[in-house]
Amino acid sequence: DDAEKRRFRHHSWSAGRLYDLAVTHQGLLIKFGQIIGSRPDMVPDPYVDVLSRLQDQVPPRGFRTVKRAVERELQRPLEDVFEEFAEQPIASASLAQVHRAPLKDGRVVAVKVQYPGIQDIVANDLANIRFLLRILNRFERSLDFTPLIEELSHNVPLELDFINEGHNAELIASNFAGREEIVVPKIIWEYTTQRVLVMEFIEGIKITDLAGMQRAGINPQEVAQLVSNTFCEQIYIHGMFHADPHPGNLFVQPPDRSGDSPKLVLLDFGLCRKLDDKFRIGYSRLVEAMLTWNLAGMVQAFQDLGVTVKRPDDPTTYLEIGKSFMQTSQPGRGYVDPDLVAEANQRVAKAVRANPIVDIPREMLLIMRVVGLLSGLGKHLDSRIDVANTILPYARAAQEGAK
């Protein structure tokens, strides 16, 4: 009779242990916790309640440490650049923390400061992950984890380069130029270095703050649709996308005028990916084939993208992956059903063991991450968008633009 209470206590205990482990060891363990805490569609509530704090509420470094780091990077005293510098951060996460500070010229900025020593922690994390995945490869021979290792090794060092992040932000901002509903902070380059990023300070409501949105008169369903449209446009049309859409990186603002769409504020561009046209168009063909249940087109699209299986003459693995994409979301609900996901995973695992995947493009791994995070966000917003009718026009437009 008390099974549900016992489960809740166990999940709360486990979530607390994971949180303590992440904040003690820092680095990629915090990123791991951020992903779990962003998936209310897949994990019990206690994990979301506890681990979502890792998105922007990691225990921060002391102000003295931050002050030394900024002055070392800018090669001048703090008071020579900033009129004030808030000692308490407005956000703190896996690699850095952010402080509000007006510049001497009056512009109010957000200063993102990389944690001293985080590069060594991350390098150690990557070495451990490579070691563990090599062991896992020996036990699960039907899966090759090499693409995952390569993707992590490629992405994580880029996230530690704030100059790269600044360029990513500017490219995405230029892609949405003239679109009032998409807000990207301007980069202040004269005070930006590899480890300190200074950008325009922008007010907003955290995208999972439903009470705050209600007070501001913002409809969560409009937000859910705007988020889906924004990421579809990035992936299918621009070919350049923000690859870390957890709730700590997305804020909303009310519209300027009655009847307009709310505004979506995009933050933290450390993890982004540029797709070449061949992959972007090939991926759009794959998604269209899956959404329209075009089996022959689906198999061909998988093969054209470079998803290869041990026995190419057996399409079962391709079909099961496509089927899982279609069946884990139900009409009228913009996020996956965890029970359907569990069933689909069993079918896919069985197919992969019978006919292992030999290779998969690294770009697909990052897109899968984005799709998962957006599904979790959809659960937060109780999204009722029509997923297929949202995605299909973008997938088809990508192909039309290529003709």
_Between R39 (side chain only) and G372 (backbone N and O only), is there a donor and an acceptor less than 3.5 Å apart?_
yes
*Indicate the atoms forming the closest heavy-atom contact of E170 with W189, along with that distance.*
OE2-NE1, 2.8 Å
*Could you walk me through whether D304 and Q300 pass the side chain to side chain donor-acceptor pair (under 3.5 Å) check?*
CA-CA 6 Å; D304 290 345; Q300 186 62 54; 2.8 Å; yes
*Run the salt-bridge test on K206 and D56 with the 4.0 Å N-O cut-off and return the result as yes or no.*
yes
*Heavy-atom check, side chain of T316 versus side chain of N355, under 4.5 Å*: no
_Side chains of L366 and N155 in contact at under 4.5 Å (non-hydrogen atoms)_ = yes
*Under the side chain to side chain contact (heavy atoms under 4.5 Å, CB included) criterion, do I207 and V223 qualify, and how do the steps go?*
CA-CA 8 Å; I207 200 164; V223 173; 3.8 Å; yes
_Contacts of N294 that satisfy side-chain contact (heavy atoms from CB on, under 4.5 Å) - sequence neighbours left out_ = A289, T292, A296
_For E181, salt bridge (Lys or Arg N to Asp or Glu O under 4.0 Å) partners two or more places apart_ = R179
_Test item: R17 and W13 side chains (from C-beta on) under 4.5 Å apart, heavy atoms_ = yes
*Just by modelled atom types, is the G37 backbone N or O under 3.5 Å from a matching donor or acceptor in the Y47 side chain?*
no
*Check: G62 main-chain N/O paired with R64 side-chain donor or acceptor under 3.5 Å*: no
*Residues which pass salt bridge (Lys or Arg N to Asp or Glu O under 4.0 Å) with D260, listed by chain and number, not counting sequence neighbours*: R257
*For the residue pair M42 and V336, establish whether any side-chain heavy-atom pair is separated by less than 4.5 Å.*
yes
*Q55-S38 side chain donor-acceptor pair, cut-off 3.5 Å*: yes
*Reported CE-to-CD1 distance for the pair M199 and I187, which is rounded to 0.5 angstrom*: 6.0 Å
*Side chains of S92 and Q97: is there a donor and an acceptor less than 3.5 Å apart?*
no
*Can we say E190 and R107 salt-bridge, meaning some charged N sits less than 4.0 Å from an Asp/Glu carboxylate O?*
yes
*Take T308 and F302 through the side chain to side chain contact (heavy atoms under 4.5 Å, CB included) test and state the conclusion after the steps.*
CA-CA 8 Å; T308 56; F302 270 122; over 6 Å; no
*Backbone of L103 reached by a side-chain donor or acceptor of Y191 within 3.5 Å*: no
*Reported CG-to-CZ distance for the pair L78 and F85, which is rounded to 0.5 angstrom*: 5.5 Å
*Enter the distance from L51:CG to I30:CD1 here, rounded to the nearest 0.5 Å.*
11.0 Å
*Would you call R369 and D244 a salt bridge, taking side-chain N to carboxylate O under 4.0 Å as the test?*
yes
*Do R130 and S153 have side-chain atoms, one donor and one acceptor, less than 3.5 Å apart?*
yes
*Under 3.5 Å donor-acceptor, D268 side chain and G270 backbone*: yes
*Report the C-alpha separation of R273 and E151 in whole Å, then their side-chain angles, then the decisive distance to 0.1 Å, and conclude whether the salt bridge (Lys or Arg N to Asp or Glu O under 4.0 Å) test is met.*
CA-CA 11 Å; R273 175 52 66 88; E151 185 64 21; 2.8 Å; yes
*Please answer whether the main-chain N or O of V198 pairs with a side-chain N or O of T192 as donor and acceptor at a distance below 3.5 Å.*
yes
*Test L95 against every option in K31, Q119, Q26 by the side-chain contact (heavy atoms from CB on, under 4.5 Å) rule and name the one that passes.*
K31
*Looking only at non-hydrogen atoms, find the nearest pair between V196 and F162 and report the distance.*
N-CD1, 3.5 Å
*Charged N to carboxylate O under 4.0 angstrom, R7 versus E4?*
yes
_Set of residues satisfying side-chain contact (heavy atoms from CB on, under 4.5 Å) with respect to R138, sequence neighbours excluded_ = none
*Test item: side-chain donor near acceptor, S375 and D41, under 3.5 Å*: yes
*Considering residues at least two apart in sequence or located in another chain, which fulfil the side-chain contact (heavy atoms from CB on, under 4.5 Å) criterion with S324?*
A344, V348
*Tell me, do V23 and L54 make a side-chain contact under 4.5 Å, heavy atoms counted?*
yes
_Distance in Å, Q399 CD paired with E288 CD, rounded so as to fall on 0.5 Å steps_ = 4.5 Å
*Would you kindly say whether N229 and Q225 are connected by a side-chain donor-acceptor distance under 3.5 Å?*
yes
_Non-hydrogen side-chain atoms of Q234 and F231 separated by less than 4.5 Å_ = yes
*Measure up the F269 and H242 rings against each other and bin them: parallel (under 30°), tilted (30 to 60°), perpendicular (over 60°).*
perpendicular
*Please report the shortest heavy-atom distance between I218 and P220, naming the atom on each side.*
O-CD, 3.4 Å
*Look at D314 together with K310 and state whether they make a salt bridge at an N to O cut-off of under 4.0 Å.*
no
*Does one side chain, of D161 or N164, offer a donor that lies under 3.5 Å from an acceptor on the other?*
no
*Take K263 and D256 through the salt bridge (Lys or Arg N to Asp or Glu O under 4.0 Å) test and state the conclusion after the steps.*
CA-CA 9 Å; K263 297 180 180 181; D256 294 330; 2.8 Å; yes
*Can you list the residues that meet the salt bridge (Lys or Arg N to Asp or Glu O under 4.0 Å) rule with E165, with sequence neighbours excluded?*
K112
_Quick test of your reading of the model: are R396 and E400 salt-bridged, counting only N-O distances below 4.0 Å?_
no
_Given 3.5 Å as the limit, does a donor-acceptor pair link the side chain of E200 with the main chain of K186, or not?_
yes
*Looking at V122 and G27, what are the two nearest heavy atoms and their distance?*
CG2-CA, 4.4 Å
*Check whether any side-chain heavy atom of L28 lies under 4.5 Å from a side-chain heavy atom of L126, and answer yes or no.*
yes
*Judged by atom type as modelled, is there a donor-acceptor pair below 3.5 Å linking the side chain of S284 to the main-chain atoms of I281?*
yes
*asked:* Counting C-beta onward and ignoring hydrogens, is there a side-chain heavy-atom pair between F82 and V109 closer than 4.5 Å?
replied: yes
*Ring centroid separation for Y335 and H380, is it under 6.0 angstrom?*
no
*Donor-acceptor pair, side chain of Y318 and main chain of V307, under 3.5 angstrom*: yes
*Point-to-point distance, once rounded to the nearest 0.5 Å, from CZ of F251 to CD of Q253*: 10.5 Å
*Okay, side chain of H246, backbone of G248: is any donor-acceptor separation there less than 3.5 Å?*
yes
*What are the two closest heavy atoms between L226 and S261, and how far apart are they?*
CD2-OG, 3.9 Å
_Show the nearest heavy-atom pair for residues A101 and V111, with the distance to one decimal._
CB-CG2, 4.1 Å
*Just how far is it from atom CD of E320 to atom CZ of F325, taken to the nearest 0.5 Å?*
15.5 Å
*asked:* Would E363 and R280 count as a salt bridge (Lys or Arg N to Asp or Glu O under 4.0 Å) here? Give the steps.
replied: CA-CA 10 Å; E363 294 86 348; R280 179 177 61 86; over 6 Å; no
